[in-house]
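Below you'll find the structure, written out as structure tokens, and then a few comments.
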Number of protein chains: 2
Amino acid sequence: MAQRRVTLAQVAEEAGVSSTTASFVLSGRTDMRISPDAQRRVREASDRLGYRPNLTARGLRTKVTHTFGLVSDIIASSGYAGEIIRGAVDEAATHQHMLFVGETQGDADLERQLVQELFDRQVDGLVYAVLGPRPCVPPETLRHRPAVLLQCIADGFDLPKVMPDDAQAGRESARALMVVGHREGVYAIGAHHRTEAHPAGIPAGLARMNGVEEVMAEHGTRLAGALQCTWEPAEGFAAVRSLLDSGVRPRALICANDRVAMGAYQALQEDGLRIPEDTSVVSVDNSDLATWLRPALSSVDLPYYEMGRLSVRLLAEPGDANGVHRVPMRMVARDSVAAPAG
Amino acid sequence: MAQRRVTLAQVAEEAGVSSTTASFVLSGRTDMRISPDAQRRVREASDRLGYRPNLTARGLRTKVTHTFGLVSDIIASSGYAGEIIRGAVDEAATHQHMLFVGETQGDADLERQLVQELFDRQVDGLVYAVLGPRPCVPPETLRHRPAVLLQCIADGFDLPKVMPDDAQAGRESARALMVVGHREGVYAIGAHHRTEAHPAGIPAGLARMNGVEEVMAEHGTRLAGALQCTWEPAEGFAAVRSLLDSGVRPRALICANDRVAMGAYQALQEDGLRIPEDTSVVSVDNSDLATWLRPALSSVDLPYYEMGRLSVRLLAEPGDANGVHRVPMRMVARDSVAAPAG
DNA sequence: GGCCTGAGCTAAATCGAATTAGCCTGAGTA
DNA sequence: TACTCAGGCTAATTCGATTTAGCTCAGGCC
């Protein structure tokens with residue numbers, strides 16, 4: 001199958017020098033004096049034979065493998081969070097690294113094992129990521145190794161942490177409505193995500209609602225109501241449905257994400273309410289869905305790609321990066337917001 | 001930072017044996033006779049010291065790294081195709097392998113380089129994947145190495161190839177309509193994807209339409225029309241819009257994918273047509289979108305996860321696997337299909 | 001002539017495992 | 001007694017690079 005690989009020793013022989021010399025020439029080290037003639041011979045031999053260094057051997061000797069790992073619970077599987085992987089892969093590539101990807105589906109044992117495995121493979125660093133911002137307990141191994149936590153709230157760990165700036169997302173959502181004049185009849189759909197599974201709400205929900213309330217207070221007003229539900233289309237639909245059924249005609253909806261907004265659209269359109277003339281809608285995610293809806297949905301960008309990138313950058317250029325790095329979340333304005341009628 | 005790793009030699013010393021003996025015990029080889037007592041001592045020493053083998057060193061010696069690579073153009077970034085990665089990662093894990101993931105955004109040079117890099121890292125095999133089924137030219141290196149092509153139509157390459165069974169998808173779509181009695185007014189939306197960029201259509205479109213026509217012919221009927229457009233919501237909307245504007249009231253739509261179906265929903269609902277009472281809709285993708293739409297969309301499953309899995313399985317268990325492996329595409333029935341009224 | 005210096009290069013060690021080729025001991029056998 | 005043999009183990013090599021330590025030779029200087 002695979003024809004025998006050419007080794008450095010063969011290149012050296014072909015060039016008529018020692019493998020030491022060949023190594024110095026090919027790794028471009030200038031602190032050793034090699035004659036131009038020898039350099040040329042080595043390079044020519046290398047090209048002629050099609051030499052490629054065995055990175056496994058190099059890694060063994062240098063203890064640097066030019067390799068990072070990304071361990072997550074359910075990133076790849078979850079729609080656009082795959083962008084995290086793409087960001088991480090891209091940034092790794094710019095640093096001449098390859099990326100190992102592992103997923104655990106939340107299984108803690110598997111997780112510990114995976115992290116261990118990656119370090120057994122001598123990765124130079126490891127990103128430990130979870131799908132959404134939430135408290136979690138990374139394997140202890142990470143304490144003593146180069147690692148970055150992504151969306152993972154873990155107080156005891158003195159590592160760089162990358163988080164989306166959810167409070168800003170809330171502020172941007174509210175601000176988009178405030179600037180066009182909305183003050184009354186503004187409802188949050190999904191809100192803190194206070195559900196059976198999360199009676200106190202989820203971190204992203206809490207932070208965003210803080211941001212919303214802060215900006216509305218600045219404008220001398222407040223939410224007309226906050227409907228709690230999971231952040232899926234059917235529940236968004238049901239929440240808005242109940243609002244409409246109780247006789248409320250909301251002037252604006254701040255939806256927890258694009259999926260909730262999709263449900264909201266369905267309910268509003270079912271009752272013949274026009275977006276944005278009758279009801280403005282803003283949301284968070286800036287997923288493709290936002291562009292697919294009619295009218296296109298104004299939505300705060302959830303910077304998965306950027307978070308993946310930043311995480312790997314913090315591995316590649318460590319510096320003094322411990323602590324929380326918040327990645328900005330900006331409103332992407334489309335066609336679902338208008339000034340309140342009347 | 002990282003405390004010094006324990007080596008096999010240290011375990012051996014702690015156990016009072018040679019590293020050869022330790023190696024035999026820990027790798028569980030039985031062809032060498034080691035006394036039960038020595039075995040116990042080695043194991044205890046290993047546990048006590050927390051020994052973990054250096055897989056880089058092992059890989060150098062054995063030339064087997066327990067590592068696969070996945071190179072693609074734009075998998076991770078593209079919504080649910082990320083499932084390919086998850087399937088590949090999962091299957092790799094069941095074979096005790098880790099997966100390198102690389103993306104090239106379609107840049108051929110980068111691609112060649114990436115493939116080369118992966119083999120420099122001594123991967124045991126490589127999946128070369130593209131987003132949708134299409135003709136493509138893998139790097140030559142793949143000819144002489146363990147590799148699998150995923151959705152990649154490349155005649156000259158004598159490798160295992162994994163493809164979705166698009167013809168079956170077409171058959172399943174049509175069949176879902178035929179069995180409830182549709183014969184007239186059935187339109188394909190998106191169809192072959194004959195657009196400026198692809199005047200002859202795209203492979204998936206051609207195969208699916210063949211399947212559709214085959215089944216309809218079996219039932220003594222044919223499509224009332226096939227509207228060509230790219231497979232995005234806005235174009236699906238426009239296509240159905242034009243149909244409606246020309247006075248046609250379609251009884252059933254066979255949509256190229258869930259996004260097109262979403263556009264179709266929008267157009268139908270805009271005109272007050274009820275799904276499925278007035279118009280049935282079927283589609284392909286079985287993405288989350290299908291469950292989010294109201295009514296939930298009957299859609300043929302696009303088995304990304306399974307394709308990722310199978311690709312890696314073909315690397316892990318080579319056998320005589322060259323040639324095309326078609327992964328089944330099955331209808332997932334939901335609420336968007338009903339018998340034609342009247 | 002002897003000594004020093006630096007340019008140019010190489011031998012050998014090293015990384016941490018797996019593996020090959022034996023070595024030693026005591027029991028069994030002729 | 002001498003010789004085999006098997007059980008139990010180890011020394012040394014190997015994988016393919018990097019890196020340390022040091023060698024050789026020519027030229028310059030006193």
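Because only heavy atoms are used, hydrogens play no part in the values below, and waters and symmetry mates are left out as well, while side chains stay in. Chain identifiers are assigned alphabetically (A, B, ...) following the order of the sequence lines, protein sequences preceding nucleic acid strands; residue numbering begins at 1 within each chain.
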Does anything in residues 14-22 of chain B come within less than 4.0 Å of DNA chain C? Heavy atoms only, and list the residues if so.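 Of all residues in residues 14-22 of chain B, the ones placing a heavy atom under 4.0 Å from DNA chain C are B/T20.
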Assign [X] to base, sugar-phosphate, or nothing according to its heavy-atom contacts below 4.0 angstrom with the strands shown.
{"X": "B/L8", "answer": "sugar-phosphate"}
{"X": "B/L60", "answer": "base"}
{"X": "B/S23", "answer": "base"}

With a sphere of 6.0 Å drawn around CG of B/D158, does it hold more than 12 non-hydrogen atoms of other residues, nucleotides or ligands?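 No.
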Got a sec: does the CD of B/E13 have more than 12 other heavy atoms crowding it under 6.0 Å?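 Open: at most 12 neighbouring heavy atoms sit under 6.0 Å from CD of B/E13.
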Shortest side-chain distance from B/R58, nucleotide among D/dT19, D/dG8, C/dA17: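 The answer is C/dA17.
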Can you tell which of D/dC9, C/dC15, D/dA17 lies closest to the side chain of B/A38?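 The closest nucleotide is D/dC9.
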For B/R41, is there an ion pair with B/E44 - N to carboxylate O distance below 4.0 angstrom?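 No, no charged N to carboxylate O under 4.0 Å.
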Side-chain ion pair, A/D120 and B/R5, N-O less than 4.0 Å: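 Yes.
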Apply salt bridge (Lys or Arg N to Asp or Glu O under 4.0 Å) to the pair A/R43 and A/D47, showing each step before the final yes or no. CA-CA 6 Å; A/R43 270 187 240 286; A/D47 287 352; over 6 Å; no
Please figure out whether B/A57 or B/R41 has its closest DNA chain D nucleotide nearer the 5' end.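 Final value for this comparison: B/R41.
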What integer distance in Å separates A/K63:NZ from D/dT18:P?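 Answer to the nearest Å: 15 Å.
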Rounded off to whole Å, could you give me the CG-to-P distance for the B/L55 and C/dA17 pair?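 Going from B/L55 (CG) to C/dA17 (P), I get 9 Å.
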Distance alone, cut at 3.5 Å: any donor-acceptor contact between the side chains of A/Y128 and A/E111?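 Side chains of A/Y128 and A/E111: pair found under 3.5 Å.
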Which residue, B/T62 or B/R33, contacts DNA chain C at a nucleotide closer to its 5' end, judged by nearest heavy atom?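 In this pair, the answer is B/T62.
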Do B/R61 and C/dA18 share a donor-acceptor pair, side chain to base, under 3.5 Å?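 Under the 3.5 Å cut-off, the side chain and the base do form a donor-acceptor pair.
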